[in-house]
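We're numbering straight along the sequence, starting at 1. Heavy atoms only: backbone and side chains are in, while hydrogens, waters and symmetry mates are out. Please read these numbers as outputs of a predicted model, since none were measured by experiment.
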Amino acid sequence: MKNYKYVKLSSGMTYLAFIGFLFAILIMALIGVAQFAYQIFEVNTWVFLLVVAVFIGLFALMAVYLAKAEIIDNEFHLRKFFGKREIFDIKQLSHIYTMGDHRGTSVLLTIDNNGKKERYYIFTSNLIFENTKTDSATILQDILEENKKNK
């Protein structure tokens with residue numbers, strides 16, 4: 001198994017993106033409420049409020065699972081936005097789901113913690129002002145493949 005001394009998996013912009021998303025939702029909600037106050041039965045108002053509700057749902061999921069992640073001495077160090085730091089062995093990684101493009105990658109990883117499934121959402125940015133260019137999806141995929149070989 002490959003030895004990982006220190007790998008930063010999440011972006012330094014993780015929490016800033018979270019706060020920015022919250023700010024955007026609040027502005028959209030205020031616009032929707034203001035529009036709703038003047039045009040109660042307009043279809044476009046209801047559609048806009050539905051879109052805001054979907055974004056609020058996405059924000060709630062992000063708030064539950066968003067985490068900063070590092071690998072230090074073959075252990076995951078994961079800290080959720082509303083939680084304490086959890087430490088897991090890299091052999092406990094059981095599943096990953098990746099989505100993204102050249103600007104950023106989002107990874108939903110599942111850790112098997114003694115039969116209990118722990119889920120973490122990791123955001124990685126590849127923008128110009130981001131000083132680390134770690135491909136967390138590839139690293140996690142390699143770890144997952146090694147775990148499957150060793151079982």
Side-chain angles (χ1 to χ4, degrees), residues 4 7-72 75-145 147-148:
Y4 297 94
V7 179
K8 185 176 180 181
L9 296 173
S10 59
S11 170
M13 305 298 287
T14 299
Y15 291 162
L16 184 62
F18 180 74
I19 304 277
F21 192 55
L22 172 64
F23 185 69
I25 288 173
L26 290 175
I27 289 177
M28 285 176 42
L30 288 173
I31 291 170
V33 168
Q35 185 178 11
F36 191 72
Y38 294 107
Q39 302 173 353
I40 295 175
F41 296 109
E42 293 287 326
V43 173
N44 61 351
T45 304
W46 288 101
V47 171
F48 184 78
L49 288 176
L50 180 66
V51 169
V52 170
V54 167
F55 277 116
I56 289 171
L58 288 173
F59 178 77
L61 281 172
M62 188 184 275
V64 170
Y65 295 120
L66 183 68
K68 283 198 169 197
E70 303 170 318
I71 299 175
I72 301 172
E75 291 180 331
F76 286 117
H77 290 250
L78 302 162
R79 184 179 187 282
K80 288 186 178 180
F81 191 75
F82 297 111
K84 60 183 172 93
R85 180 178 292 268
E86 300 282 342
I87 299 173
F88 302 102
D89 190 68
I90 61 173
K91 295 175 186 170
Q92 292 177 287
L93 180 65
S94 63
H95 182 73
I96 64 168
Y97 177 74
T98 306
M99 58 197 134
D101 58 11
H102 65 280
R103 289 174 288 164
T105 305
S106 298
V107 180
L108 181 65
L109 60 104
T110 305
I111 305 268
D112 187 10
N113 187 17
N114 298 327
K116 184 181 175 192
K117 301 287 184 185
E118 300 279 342
R119 289 187 174 83
Y120 295 89
Y121 176 71
I122 300 170
F123 176 73
T124 304
S125 173
N126 295 327
L127 299 176
I128 295 170
F129 48 84
E130 187 66 38
N131 57 1
T132 58
K133 303 287 187 212
T134 304
D135 188 4
S136 59
T138 304
I139 292 169
L140 291 168
Q141 187 65 40
D142 292 343
I143 291 171
L144 186 62
E145 288 174 7
N147 289 348
K148 288 181 180 178

K.L.:
Nearest 0.5 angstrom please: Asp112 CG to Gln92 CD, how far?
P.N.:
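The distance works out to 7.0 Å.
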
K.L.:
Does Phe88 have more than 12 heavy atoms from other residues, nucleotides or ligands lying within 6.0 Å of its CZ?
P.N.:
yes

K.L.:
Kindly indicate whether the side chain of Ile71, heavy atoms from C-beta on, has any atom under 4.5 Å from the side chain of Lys8.
P.N.:
no

K.L.:
Suppose we screen for salt bridge (charged side-chain N to carboxylate O under 4.0 Å, His left out). Which residues come up paired with Lys84, at least two apart in sequence or across chains?
P.N.:
Glu86

K.L.:
More than 12 heavy atoms of other residues, nucleotides or ligands under 6.0 Å from CZ of Phe82: yes or no?
P.N.:
yes

K.L.:
Could you work out, with side chain to side chain donor-acceptor pair (under 3.5 Å) as the rule, every residue matching Thr138, not counting sequence neighbours?
P.N.:
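Thr138: side chain to side chain donor-acceptor pair (under 3.5 Å) contacts with Asp135.
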
K.L.:
Within this structure, what is the CD1-CZ distance for the pair Ile143 and Phe76, rounded to the nearest 0.5 Å?
P.N.:
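Between atom CD1 of Ile143 and atom CZ of Phe76 there are 4.5 Å.
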
K.L.:
So, taking the atom named CG in Leu93 and the one named OG1 in Thr110, what distance separates them when rounded to the nearest 0.5 Å?
P.N.:
8.0 Å

K.L.:
Just jot down the salt bridge (charged side-chain N to carboxylate O under 4.0 Å, His left out) partners of Glu70, sequence neighbours excluded, or say none.
P.N.:
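Here the qualifying residues are Arg85.
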
K.L.:
Within 45 degrees of the axis of the six-membered ring of Tyr120 and under 6.0 Å from its centre: does Lys80 put its NZ or CZ there?
P.N.:
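Yes, Lys80 and Tyr120 form such a contact.
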
K.L.:
My understanding is that only residues two or more places apart in sequence, or in another chain, count here; which of them pass ring-ring contact (aromatic ring centres under 6.0 Å, His included) with Tyr121?
P.N.:
none

K.L.:
Among residues at least two apart in sequence or on other chains, which ones pass salt bridge (charged side-chain N to carboxylate O under 4.0 Å, His left out) with Lys148?
P.N.:
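Salt bridge (charged side-chain N to carboxylate O under 4.0 Å, His left out) check on Lys148 returns nothing, list empty.
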
K.L.:
To the nearest 0.5 angstrom, please state how far the OH atom of Tyr4 sits from the CD1 atom of Ile90.
P.N.:
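The CD1 atom of Ile90 is 6.0 Å from OH of Tyr4, to the nearest 0.5 Å.
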
K.L.:
Taking the side chain as every heavy atom from C-beta outward, state whether His77 and Arg79 have any atom pair closer than 4.5 Å.
P.N.:
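No, their side chains stay 4.5 Å or more apart.
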
K.L.:
To check you understand the geometry: which heavy-atom pair defines the closest contact between Ala69 and Ser10, and what is its length?
P.N.:
N-OG, 2.9 Å

K.L.:
Test of understanding: with side-chain contact (heavy atoms from CB on, under 4.5 Å), list the residues that count as partners of Ile56, not counting sequence neighbours.
P.N.:
Ile25, Val52

K.L.:
Name the orientation class of the two ring planes belonging to Phe59 and Phe21 (parallel below 30°, tilted from 30 to 60°, perpendicular beyond 60°).
P.N.:
tilted

K.L.:
With Leu30, which residues qualify under side-chain contact (heavy atoms from CB on, under 4.5 Å), at least two apart?
P.N.:
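side-chain contact (heavy atoms from CB on, under 4.5 Å) check on Leu30 returns nothing, list empty.
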
K.L.:
Once you round to the nearest 0.5 Å, how far does CG of Leu108 lie from CE of Met99?
P.N.:
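Here the interatomic distance stands at 6.5 Å.
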
K.L.:
Are Leu109 and Arg119 close enough that some pair of their side-chain heavy atoms sits under 4.5 Å apart?
P.N.:
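A side-chain contact is absent here, since even the closest heavy-atom pair is not under 4.5 Å.
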
K.L.:
Only one of His95, Lys116, Glu118 clears side chain to side chain contact (heavy atoms under 4.5 Å, CB included) with Ile111; which?
P.N.:
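Running side chain to side chain contact (heavy atoms under 4.5 Å, CB included) over His95, Lys116, Glu118 with Ile111 returns exactly one hit, Glu118.
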
K.L.:
By ring-ring contact (aromatic ring centres under 6.0 Å, His included), which residues pair with Phe81, not counting sequence neighbours?
P.N.:
Tyr15, Phe18

K.L.:
Excluding sequence neighbours, so at least two apart, what forms side-chain contact (heavy atoms from CB on, under 4.5 Å) with Thr98?
P.N.:
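With neighbours one apart ignored, the set is Ile96, Thr105, Val107, Ala137.
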
K.L.:
Would you give the length of the straight line joining atom CG of Leu144 to atom OG of Ser94, rounded to the nearest 0.5 angstrom?
P.N.:
7.5 Å

K.L.:
Who passes side-chain contact (heavy atoms from CB on, under 4.5 Å) against Ile31, sequence neighbours left out?
P.N.:
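Result, side-chain contact (heavy atoms from CB on, under 4.5 Å) vs Ile31: Ile27, Phe48.
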
